[in-house]
Amino acid sequence: MGAAPSTPRGGARPQDAAENLMAAFVGEKPYPLSSDFWNQLLELPLTLQWPQDRVLQACQLFAQHNYHTNHLAKILIHLAWCLQDLISTSSGSATAYRKSVNAAYISSVFLKFIIENVKGANFEELHLNLDKDEKRQCNLPTDQSIEVFIIRGMLSFVGSSDVSPRSCLLHHELLNLMLVAMSTQLCSGPSPGPKDVHPFIDAAMLQESAVVASTVRKLLLNFITRPRFPFDGSTYPFSPEGNQSGVLQRVGSVAANFVLLPYYTFNYLLSSSSAGARSPLAEKSLLVLLVLVHYRKCLVVKSLTDNNMGDVDSTTYLRESSSFYENPYCKALENARDIQFDRVDIEGNAHNGPLVRLPFASLFDSLGLCLSDETSVLLLYSLVLGNSDFLEYVLVRTDLDTLLMPILETLYNASRRTSNQIYMLLIILLILSQDSSFNASIHKLMLPSVPWYEERLLHHTSLGSLMVIVLIRTVKYNLSKLRDIYLHTNCLAILANMAPHVHRLSAYASQRLVSLFDMLSRKYTKLAELKTDKVIKVSADQMEGVSLTEDMSPEIHIYTDFLRIVLEILNAILTYALPRNPEVVYAILHRQELFQPFKNHPRFNELLENIYTVLDFFNSRMDMQHMDGEWSVDKVLQVIIINSRSWHGDGMKMFTQLKFTYEQESHPEEFFIPYVWRLVLAQGFNFSPHAINLLPVELSGDDALSGEQGEQSV
């Protein structure tokens, strides 16, 4: 294939015909939409293998000539037409499937190259336009952009067609193409601006509500059912015939070879590794859904003028004066209802647009199986935050361990997880802990064992006790390693929400709770001593003393607040649940010396009054016992249990219960859009690091963002 491609000729050998057709596709001669060239190209069994330099040359030639040929728009239109044919017929022909898959493969390769190489995020270089005469001749809507027409065809097929052994490869490649088309976001900055243009994802936002609803439903069903099909040549429309080595080849990425299909792609799709747990189609479906759901299209409601700017930074002003169009995919996810029970039907409330009806039971179980994957964590976060029906469904489940055990195991292994995944999981727990029935039910669910907890054997412990243990362990890990105030705050907020509802907290969890106070108090004392030392030095070196004291003060205030929250947690348990928690009383009695240094502290003395009321009560009951020999743990616990029956809370001060709730930041898109694309890249989506402006990337010597590129897919 040279710089001057030849025109395809009839009667040529398959290898020569393939060379000629691909050369014509990337060449300078435009072929009309109605030309038979497109049928020849898309029906051709591509059996060539092109090395890296030839693929790169093809992409460069295509980008050079596409402004004149509009071949990108034309091949995408043919893809949409093929998909329409498949939708309109009950069983699509093998030819229609082959043409659709070829069109998706070829489009994704050349589209990605152009996106990666646009100048200044100017996506007009895609040249997604045709003149009106050609549109009319081919019965294309003249009042609709080509990208809206193409995206409608792709989403309509994905949303309406069942995944089967016959169609699974096409579904997979359409999802691949969707990610490529939406990857224009990677070229923009982290804060969406009013001038940002993303042709394909913007077109997705303009689709009719029925298309949006069916797309969201099918992507979620793919995640739930996790389709995996054994290779069956009789049902696969592109199976090899005779001695052919393959009937289709695929361009992997700009730096990749054409690789044989179906062997490579089908092995990737249907690999039985990991005990069959992986489903690439489910993974791609979830990535596409998350990109769609978390996209935000910016508009500015105020104009930037010198009069109202003053000294305000223009970027800050633009950010604060911006608002966003409503995202229909986010709305559809938030409005999803259980297929078994729809409260809206009973209440008679109307809906704007079709409902997304899903089997919540299957969705719940699938999430429980997949929470080791960060994308599944983000889906669960999106559901419990935005969909009140799904949140209510989760809260009434009696098997909450299905979700909570993988969450707690991931928190237990926090050192091997990303900080973003830990944040998401803690926010999910915080949202759940806002419900009193959740806090009560987790203490009723008993676990026979916790095999992944290595510090000690945990037998017959409640889910609530395990949650307390893991949250405190997370705080301790954070204090020694991450030193992240936000993480501390979330852990303590969850414990505070749980505290009034604690029931029969285990001995180990009770000890951990008191040891949390010990750990934070030692940190606070150390900071206070350092501050005192620096203040003393003021007389010797005024400037040094002032600056260090000012730097130290905020950290002391933070740990003061943390200590107060822990004391309020203990207060809530002792005030509202003392008779049900003898192990907590025992742990406080056992370590009562920890509280003495803070008894007269002005910031803590009020919160310690109730603790000392409890200590005085049970210490006096202990003193009244006439024991022969030493006290044992069992004997002390027996005294606590007996005297808890006569405990009436006399002298206890009633404090307002701490109630922490979660609210998203005012501009969540600045976190979630880069975060979603970081997940896409982490799952093997190859994109030139030099073209990425959305998030920071590390450039290796070979500029490889996601592993080896020898046979990577788009």
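Only a predicted model underlies this, so the values are computations on that prediction, with no experimental measurement involved. Here, residue 1 is the first one in the sequence, and each next residue gets the next number.
If you look at F157 and H171, their ring centroids are closer than 6.0 Å.
No donor-acceptor contact under 3.5 angstrom links the side chains of N439 and S436, judged on distance only. Inspection of the E669 and H667 side chains reveals an N or O donor paired with an N or O acceptor under 3.5 Å. At a cut-off of 3.5 Å, with distance as the only test, no side-chain donor of R473 or Y477 sits close to an acceptor on the other residue. For the residue pair Y675 and E374, a side-chain donor N or O sits within less than 3.5 Å of a side-chain acceptor on the partner. Under the 3.5 Å distance criterion, with hydrogens and angles disregarded, a donor-acceptor pair is assigned to the side chains of T375 and D373. A donor and an acceptor atom, one from each side chain of E583 and S506, are nowhere located under 3.5 Å apart. For H294 and S382, the side-chain atoms include at least one donor-acceptor pair closer than 3.5 Å. Side chains of S209 and K331: a donor-acceptor N/O pair is absent below 3.5 angstrom, by distance only. Side-chain contact, E455 with Y412: a donor N or O sits under 3.5 Å from an acceptor N or O.
The closest donor-acceptor contact from the side chain of S366 to the backbone of I224 lies under 3.5 Å. Side-chain atoms of T461 never come within 3.5 Å of backbone atoms of L447 as a donor-acceptor pair (strictly under, hydrogens ignored). In this structure a side-chain-to-backbone donor-acceptor pair under 3.5 Å is missing from D399 to D401. No donor-acceptor pair closer than 3.5 Å links the side chain of Y295 to the backbone N or O of Q185. The main-chain N or O of L395 is never found under 3.5 Å from a side-chain atom of D435 such that the two would form a donor-acceptor pair. Between the side chain of N571 and the main chain of L607, a donor-acceptor pair closer than 3.5 Å is present. Here the side chain of N327 pairs a donor or acceptor atom with the backbone of L292 at under 3.5 angstrom. Judged by distance alone, the side chain of N581 and the main-chain N or O of R504 form a donor-acceptor pair under 3.5 Å.
With contacts defined as side-chain heavy-atom distances shorter than 4.5 Å, the pair T410/V377 does not qualify. Side-chain atoms of Q421 and L425, non-hydrogen and from C-beta on, do get closer than 4.5 Å to each other.
The side chain to side chain donor-acceptor pair (under 3.5 Å) check on R416 picks up N413, with sequence neighbours excluded.
Among N222, L219, V158, the single residue meeting the side chain to side chain contact (heavy atoms under 4.5 Å, CB included) criterion with V288 is L219. Under the side chain to side chain donor-acceptor pair (under 3.5 Å) test applied with H488, the options N478, T474, D561 reduce to a single match, N478. Each of D338, L221, D389, N387 was checked for a side chain to side chain contact (heavy atoms under 4.5 Å, CB included) with L358, and the lone residue meeting it is L221.
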Practice item. Carefully, step by step, assess Y381 and F672 under the rule ring-ring contact (aromatic ring centres under 6.0 Å, His included). Key: CA-CA 12 Å; Y381 165 85; F672 284 104; 5.4 Å; yes

Point to revise | Audit row: S515, K476, side-chain contact (heavy atoms from CB on, under 4.5 Å) steps and yes/no | key: CA-CA 10 Å; S515 73; K476 291 187 173 183; 3.0 Å; yes

Review point. Taking it one step at a time, do I640 and S644 satisfy side-chain contact (heavy atoms from CB on, under 4.5 Å)?
Key: CA-CA 6 Å; I640 292 171; S644 292; 3.9 Å; yes

Check your understanding: For F517 and F595, what are the C-alpha separation, side-chain angles and deciding distance, and is it a ring-ring contact (aromatic ring centres under 6.0 Å, His included)?
Key -> CA-CA 9 Å; F517 178 84; F595 304 101; 4.9 Å; yes

Exercise for review: Go through the steps to decide whether S183 and W677 satisfy the test side-chain contact (heavy atoms from CB on, under 4.5 Å), and finish with yes or no.
Suggested key: CA-CA 8 Å; S183 67; W677 279 104; 4.0 Å; yes

Check your understanding: Could you go step by step and tell me if L570 and N610 meet the side-chain contact (heavy atoms from CB on, under 4.5 Å) rule?
Key -> CA-CA 9 Å; L570 292 172; N610 282 347; over 6 Å; no

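Ring-plane geometry between F562 and Y559 is classed as perpendicular, the angle between the planes exceeding 60 degrees on a 0 to 90 degree scale with a lower cut at 30.
Salt bridge absent: D518 and K523 never bring a charged side-chain N and a carboxylate O closer than 4.0 Å.
A cation-pi geometry, defined here as NZ or CZ lying under 6.0 Å from the six-membered ring centre and within 45° of its normal, does not hold between R296 and Y325.
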